[in-house]
Amino acid sequence: MADVLPDSGGYCCPHCRHPVHLQRGRVKVAHFAHTAGADCPAASEPESSEHLAAKALLAAESHALGYGVIFERPHPAHCRRVDVAVRIPGRAGPVQVAVEVQASAINTKEMIRRERADRAAGYLSTSWCLTGLARQTC
């Protein structure tokens with residue numbers, strides 16, 4: 001996701017506000033990318049089609065259950081972008097759960113760092129959906 005720059009009509013990163021551009025290809029799904037040399041803490045490698053499909057499925061299923069869903073929710077103060085933020089109604093009021101799709105290997109320290117950032121951003125918990133390589137290496 002990217003925001004539109006009002007002055008130029010171009011796009012900017014919702015995290016660092018620097019320009020990004022749309023990359024389209026025949027192999028990878030279209031996505032926004034930072035310009036060369038950008039120093040954004042939320043920037044990451046382009047996401048695989050498996051990762052994008054898993055996020056879309058989880059968001060659609062959560063929405064079908066009547067939950068509020070925000071796709072790719074940024075939390076710049078915590079250098080974090082949640083794959084799918086789910087707002088679930090409850091008796092004491094709604095709660096938010098961060099859903100993280102992990103399609104590549106990740107170490108425990110990084111998982112803990114992300115979970116702490118999610119709690120600091122107001123999420124009750126972080127739910128992990130491990131796909132492909134991540135299931136084999138964790």
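Taking the side chain as every heavy atom from C-beta outward, Y123 and R80 never approach each other to under 4.5 Å.
The distance from the CG atom of D83 to the OG atom of S127 is 12.0 Å, given to the nearest 0.5 Å. Here the CZ atom belonging to R87 is positioned 8.0 Å from the CZ atom belonging to R73, to the nearest 0.5 angstrom. Atom CD of Q102 sits about 8.0 Å away from atom OG1 of T131, to the nearest 0.5 Å. Atom CD1 of I70 sits about 6.5 Å away from atom CD of Q96, to the nearest 0.5 Å.
Linking ILVMFWY residues whenever their side-chain heavy atoms come closer than 4.5 Å, directly or via other members, places V95 and L58 in the same cluster. No path of Ile, Leu, Val, Met, Phe, Trp and Tyr side chains, each step under 4.5 Å between heavy atoms, connects L57 with V69, placing them in separate hydrophobic clusters. Note on V82 and W128: separate hydrophobic clusters, where clusters join Ile, Leu, Val, Met, Phe, Trp and Tyr whose side-chain heavy atoms are under 4.5 Å apart, directly or indirectly. Residues V99 and L65 share a hydrophobic cluster, clusters being chains of Ile/Leu/Val/Met/Phe/Trp/Tyr side chains in contact below 4.5 Å.
Within a 6.0 Å radius of CZ in R116, other residues, nucleotides and ligands contribute 12 heavy atoms or fewer.
Checked against E100 for a side chain to side chain contact (heavy atoms under 4.5 Å, CB included), the options E115, R114, M111 give a single hit: R114.
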Worksheet entry | Test side chain to side chain contact (heavy atoms under 4.5 Å, CB included) applied to V84 and F71, step by step | CA-CA 5 Å; V84 182; F71 206 74; 4.3 Å; yes
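When every heavy atom of P89 is checked against every heavy atom of Y67, the shortest pair comes out as CD-CD2, 3.8 Å. When all heavy atoms are compared, the tightest approach of A98 to D118 is CB-OD2, 3.5 Å.
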